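Working notes, structure below.
Computed from a predicted structure; not experimentally measured. All ligand and atom numbering here is 1-based and tracks the order in the structure.
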Amino acid sequence: MPLLVTTVSEFRQTLHAARRSGKTIGLVPTMGALHEGHLSLVRASRAECGFTAVTIYVNPTQFGPHEDFAQYPRTLESDLTLLSGLADVVFAPRDEEVYPPGFSTWVEVGSVAKPLEGVCRPGHFRGVATIVLKLFTMAWPDVAYFGQKDYQQALVIRRMAIDLNLPLTIRVCPIVREPDGLAMSSRNRYLAPDERQRATVLYQSLTQAANLVAQGETNASRITEAMRRTIQAANPKQIDYVAIADPETLEPVETIRGRTVALLAVRIGKTRLIDNMILEPP
Ligand code: PAF
């Protein structure tokens, strides 16, 4: 089992000792309920850094009032087992440790946080940027690892790191998928068997977009309409968005002339899933 610490001061002391012994620090922030996607980030950190810290904290400030904060899976014991031999330290704080009484300081990232998830989940990226900056200032990692599955989140964190001159590297690691293409996510465990099967439509519609672009289709609306038709066939509860956007700014793209990203958020039953894929024209 990795060393488990629950207070900021223990976490700081552990990382300070590692740094003093000449090790570079890799940080993998998570909300727990770990799966292969998370473990791929931890392995990336181990390959690159001398000391790997994983944080497990279901951050209340990034959930909206009607979202799944209460039922978000909390599986610390099995997470620690999965991290055996992979993480050097796990920081799993309580809320009081992270948010002191009277907490009122927030990080608000600009334009890249506004569309897509920013529209559907108001305040979400403010909560994410704030907790991630707090974790950065607790750990002062050399490298921090995030998954491409949360594409917009990675852009928001990158923007924050540049804008605040944070002395660290942000690495974004590829999406890890189930054999049928479903992107791994802690929320996949909410899916009932028939929903799990229907959820593969996210990946199918993204590969459809990638194929259309590879075949020379340049009209983004034609592609998103085709994607929507594919998704509708799986009888989703709701399509929050299907978008083709600039991969750096997330501004909508009408005519595909270079690399773009397709992003979507779809509700299958009560479960909201997101996914994305880079589109490369021929
Ligand atoms: O991607 C997540 O799991 C969370 O948004 C993060 C980055 C750990 C912040 O709470």
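- Under the 4.0 Å criterion applied to side-chain N and carboxylate O atoms, Arg43 and Glu36 are assigned as salt-bridge partners.
- Atoms of ligand 1 lying under 4.0 Å from at least one heavy atom of Ile131, given by number and element, are 9 (C), 10 (O).
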* To do: Let me see the working for Asn59 and Tyr72 under side-chain hydrogen bond (donor to acceptor under 3.5 Å, both in side chains), right down to the final yes or no.
  => CA-CA 10 Å; Asn59 171 40; Tyr72 199 87; over 6 Å; no
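- Each of the following atoms of ligand 1 lies closer than 4.0 Å to a heavy atom of Thr30: 8 (C).
- Other residues, nucleotides and ligands contribute only 12 or fewer heavy atoms inside 6.0 Å of the NZ atom of Lys270.
- The proximity of Thr55 to ligand 1, defined as any non-hydrogen pair under 4.0 Å, does not occur for either the backbone or the side chain.
- When His124, Gln62, Gln153, His38 are ranked by how near their heavy atoms come to atom 9 (C) of ligand 1, first place goes to Gln62.
- The aromatic rings of Tyr99 and Phe103 stand perpendicular to each other, their planes meeting at an angle above 60°, with 30° marking the opposite boundary.
- Scanning the protein for heavy atoms near atom 3 (O) of ligand 1, the closest one is Met31 CG, 3.6 Å.
- Heavy atoms only, all atoms of each residue included: Phe146 and Leu41 are closest at O-CD2, 3.6 Å.
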